[in-house]
Amino acid sequence: MRQRPELPAEFDVEVTTHGRLPGAGDYARTKIGGLGRLTHEPVLHAHVRLSEHGDPAMARRVFAQANLDVNGRLIRAQVEGATAREAVDRLEARLRHRLERSAEHWEAKRGGMPQGGPHEWRHQSEPTHRPNYFPRPESDRRIVRHKSFSVPLCNVEEAAAEMEMLDYDFHLFTEEGTKQDSVLYRGGPAEYRLAQVDPRPAAELAPFDLPLSISPQPAPRLTVARAIERIALFGLPFLFFVDTAQDRGSVLYHRYDGHYGLITPVT
C-alpha cells in the first residue's frame with residue numbers, strides 16, 4: 001500500500017450546537033478533527049451540527065450530523081445518541097468508516113492496492129443508527145428546506161455508492177438506461193429497491209450487478225400540498241412523487257426536527 005501523503009493529522013472543525021450541550025463543541029472538534037490521520041486528500045472544510053431534541057421522553061435525544069469536504073468530495077454522516085458525547089462517538093465511528101473506504105478508493109485509483117470484490121463496501125457497512133424524527137404534531141409541520149439540484153445521470157450501482165457515502169436513506173437520480181427520474185432506497189439489509197416515475201423491467205435499466213427489486217407502482221402525480229397529506233396519512237419516512245407543477249420526480253421527506261424537506265430536480 002502506498003504511504004499516506006504529507007497531510008495534517010488533525011483538521012479544523014466548525015461546530016454548531018442547538019440546545020443545552022455544555023462542552024459538546026470542544027469534544028466534537030477534538031474527536032472529529034482527529035480523523036485527519038485517515039485522510040489521503042486534504043479536508044477543505046468540516047462542519048458538525050449537534051442538536052438536542054425537544055422531547056425529553058426520547059431515549060436518544062442528541063442528533064449529530066457532519067459534512068466533510070475532502071478535496072471537493074462530500075462525505076456525510078448522521079447519527080443520534082442518548083448524550084452529546086455518545087452521539088459524537090457514534091459520528092466519529094461512522095465518519096471513520098467512510099474515510100477508510102474513501103482511502104481504499106484513493107489507493108485503488110493509483111494502483112496501490114487491488115479493489116475489493118463487487119459491492120464489498122456495502123457488505124462491510126457498520127450497523128446504521130438512523131435518527132428518528134421529532135414527533136411534531138401534524139398541524140405544526142411545514143417544509144423548512146427545499147433543495148433543487150441537477151439530478152445525476154447514473155446507473156443503480158453508482159446511485160448506491162453515492163447513497164452510502166452520503167449516508168442517505170434514499171437517492172434521487174436519473175436512471176441511465178431509462179432516462180427516468182428514479183429513487184433508490186434500502187429494501188432490506190441485503191437488498192436495494194428502485195422506484196421510478198414509470199417502472200420499467202430490469203432488462204431496460206443500465207447494466208448493474210446489485211441485489212435489487214423494482215417497485216411496480218408508478219410514482220403518484222401530486223401537488224406538493226397533496227404529497228404532504230399523503231406522507232402524513234401513511235406515516236411514511238419519505239414519499240417519491242411526480243410534482244404536477246414541474247412534471248418531475250421529487251421527494252418529500254421527514255427531517256429530524258419533525259418538519260419536512262423537499263428535493264426537486266432543476267427543470
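Computed from heavy atoms alone, side chains included, the values below leave out hydrogens, waters and symmetry copies.
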Participant: Might you point out which heavy atoms bring Glu158 and Asn155 nearest each other, and give the distance in Å?
Facilitator: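 Looking at all heavy atoms of both residues, the shortest contact is N-OD1, 2.8 Å.
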Participant: Taking C-beta and beyond as the side chain, do Leu21 and Glu52 meet within less than 4.5 Å on heavy atoms?
Facilitator: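 Yes, side chains in contact.
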Participant: Taking all non-hydrogen atoms of both residues into account, name the closest pair between Phe173 and Val156 and its distance.
Facilitator: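 That closest heavy-atom pairing would be CZ-CG1, 4.0 Å.
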Participant: Are Val197 and Leu236 connected into the same hydrophobic cluster when the rule is that any two of I, L, V, M, F, W, Y join if their side-chain heavy atoms are below 4.5 Å apart?
Facilitator: no
Participant: Run the side chain to side chain contact (heavy atoms under 4.5 Å, CB included) test on Thr244 and Val242 for me, step by step, so that the C-alpha distance in whole Å, both residues' side-chain angles and the decisive distance to 0.1 Å come before the verdict.
Facilitator: CA-CA 6 Å; Thr244 55; Val242 176; 5.8 Å; no
Participant: Within 45 degrees of the axis of the six-membered ring of Tyr27 and under 6.0 Å from its centre: does Arg85 put its NZ or CZ there?
Facilitator: yes
Participant: Search all heavy atoms of Pro42 against all heavy atoms of Leu7 and return the closest pair with its distance.
Facilitator: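 Result for this residue pair: N-CD1, 3.9 Å.
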Participant: Does the side chain of Ser182 come under 3.5 Å of the side chain of Gln196 through a donor N or O and an acceptor N or O?
Facilitator: yes
Participant: Val251 and Leu233: same hydrophobic cluster, using ILVMFWY side-chain contacts below 4.5 Å?
Facilitator: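 As far as the 4.5 Å side-chain criterion goes, Leu233 and Val251 are not connected within one cluster.
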Participant: Mind checking whether Leu252 and Phe241 have side chains closer than 4.5 Å, heavy atoms only?
Facilitator: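 Yes, close enough: below the 4.5 Å cut-off.
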Participant: Which is it for Gln180 and Thr174 under the side chain to side chain contact (heavy atoms under 4.5 Å, CB included) test, yes or no, and what are the steps along the way?
Facilitator: CA-CA 5 Å; Gln180 287 198 62; Thr174 301; 5.9 Å; no
Participant: Looking at side-chain heavy atoms only, is the closest gap between Asp169 and Met163 below 4.5 Å?
Facilitator: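 The answer is no; the side chains never approach within 4.5 Å.
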Participant: Test Val70 against Leu44 for side chain to side chain contact (heavy atoms under 4.5 Å, CB included), laying out the working first.
Facilitator: CA-CA 6 Å; Val70 183; Leu44 305 181; over 6 Å; no
Participant: Could you please spell out the steps behind the side chain to side chain contact (heavy atoms under 4.5 Å, CB included) verdict for Leu68 and Leu99?
Facilitator: CA-CA 10 Å; Leu68 307 184; Leu99 288 170; 4.3 Å; yes
Participant: Tell me which pairs pass side chain to side chain donor-acceptor pair (under 3.5 Å) where either residue lies in residues 13-23, with sequence neighbours left out.
Facilitator: Glu14-His45, Thr16-His47
Participant: Same hydrophobic cluster for Leu172 and Leu205, using side-chain heavy-atom links shorter than 4.5 Å among ILVMFWY?
Facilitator: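 In one cluster: no.
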Participant: Which pair of heavy atoms, one from Phe208 and one from Ala202, lies closest together, and at what distance?
Facilitator: CE2-O, 4.2 Å
Participant: Return yes if some donor-acceptor pair links the side-chain N/O of His259 with the main-chain N/O of Arg142 below 3.5 Å, else return no.
Facilitator: yes
Participant: When hydrophobic residues are tied together by side-chain contacts of less than 4.5 Å, even through go-betweens, does Leu184 share a cluster with Phe240?
Facilitator: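 Not linked; separate clusters.
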Participant: Does a side-chain heavy-atom distance below 4.5 Å link Gln217 with Pro199?
Facilitator: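 No - every pair of side-chain heavy atoms lies 4.5 Å or more apart.
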Participant: Are Glu175 and Thr178 close enough that a side-chain donor and a side-chain acceptor fall under 3.5 Å?
Facilitator: yes
Participant: Do you know the tightest heavy-atom contact between Gln65 and Gln78?
Facilitator: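 Shortest heavy-atom contact: NE2-OE1, 3.3 Å.
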Participant: May I ask you to decide whether Arg186 forms a salt bridge with Glu164, counting only side-chain N to carboxylate O separations under 4.0 Å?
Facilitator: yes
Participant: How long is the straight-line distance from CD1 of Ile75 back to NE2 of His97, given to the nearest 0.5 Å?
Facilitator: 10.5 Å
Participant: Salt bridge (charged side-chain N to carboxylate O under 4.0 Å, His left out) between Arg73 and Glu162: does it pass, once the steps are laid out?
Facilitator: CA-CA 11 Å; Arg73 181 170 180 81; Glu162 191 75 3; 3.6 Å; yes
Participant: For the CG atom of Leu210 and the CD atom of Glu157, what is their distance to the nearest 0.5 Å?
Facilitator: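 These two atoms lie 5.0 Å from each other.
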Participant: In terms of hydrophobic clustering (I, L, V, M, F, W, Y; side-chain heavy atoms under 4.5 Å; direct or indirect links), are Tyr253 and Phe149 co-clustered?
Facilitator: yes
Participant: Considering only heavy atoms from C-beta outward, does the side chain of Val62 approach that of Thr83 to under 4.5 Å?
Facilitator: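 No, too far: nothing below the 4.5 Å cut-off.
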Participant: Tell me whether the count of non-hydrogen atoms from other residues, nucleotides or ligands lying under 6.0 Å of CG in Asp69 goes above 12.
Facilitator: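 More than 12 within 6.0 Å, yes.
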Participant: Give me the one residue out of Val151, Leu222, Asp243 that meets side chain to side chain contact (heavy atoms under 4.5 Å, CB included) with Ser250.
Facilitator: Asp243
Participant: Show your reasoning for whether salt bridge (charged side-chain N to carboxylate O under 4.0 Å, His left out) applies to Lys31 and Asp89.
Facilitator: CA-CA 8 Å; Lys31 193 82 172 182; Asp89 287 345; 3.5 Å; yes
Participant: Measuring from Leu35:CG to Phe11:CZ, what's the distance to the nearest 0.5 Å?
Facilitator: 5.0 Å
Participant: At what distance, to the nearest 0.5 angstrom, does CG of Leu212 lie from CD of Glu191?
Facilitator: 7.0 Å
Participant: Which pair of heavy atoms, one from Arg248 and one from Pro265, lies closest together, and at what distance?
Facilitator: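 Answer, listing the atom of Arg248 first, then Pro265: NH2-CB, 3.5 Å.
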Participant: Strictly distance-based, threshold 3.5 Å: is any side-chain N or O of Arg29 a donor or acceptor partner for the main-chain N or O of Gly25?
Facilitator: yes
Participant: What residues, two or more places apart in sequence or in another chain, satisfy salt bridge (charged side-chain N to carboxylate O under 4.0 Å, His left out) together with Arg96?
Facilitator: Glu92
Participant: If I take atom CD from residue Glu80 and atom CD from residue Glu86, how far apart are they, to the nearest 0.5 angstrom?
Facilitator: 9.5 Å
Participant: ring-ring contact (aromatic ring centres under 6.0 Å, His included) with Tyr185: which of Phe170, Phe238, Tyr192?
Facilitator: Phe238
Participant: Check whether any side-chain heavy atom of Asp12 sits under 4.5 Å from a side-chain heavy atom of Val43, and report yes or no.
Facilitator: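 No. Closest side-chain heavy atoms not under 4.5 Å.
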Participant: Between Arg226 and Glu229 (salt bridge meaning N to carboxylate O under 4.0 Å), is one present in this structure?
Facilitator: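 Counted as a salt bridge, because a side-chain N and a carboxylate O are separated by less than 4.0 Å.
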Participant: Less than 4.5 Å apart, any side-chain heavy atom of Ser139 and any of Arg141?
Facilitator: no
Participant: State the CG-OG1 distance between Leu95 and Thr39, to the nearest 0.5 angstrom.
Facilitator: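 Between Leu95 CG and Thr39 OG1, I get 12.0 Å after rounding to 0.5 Å.
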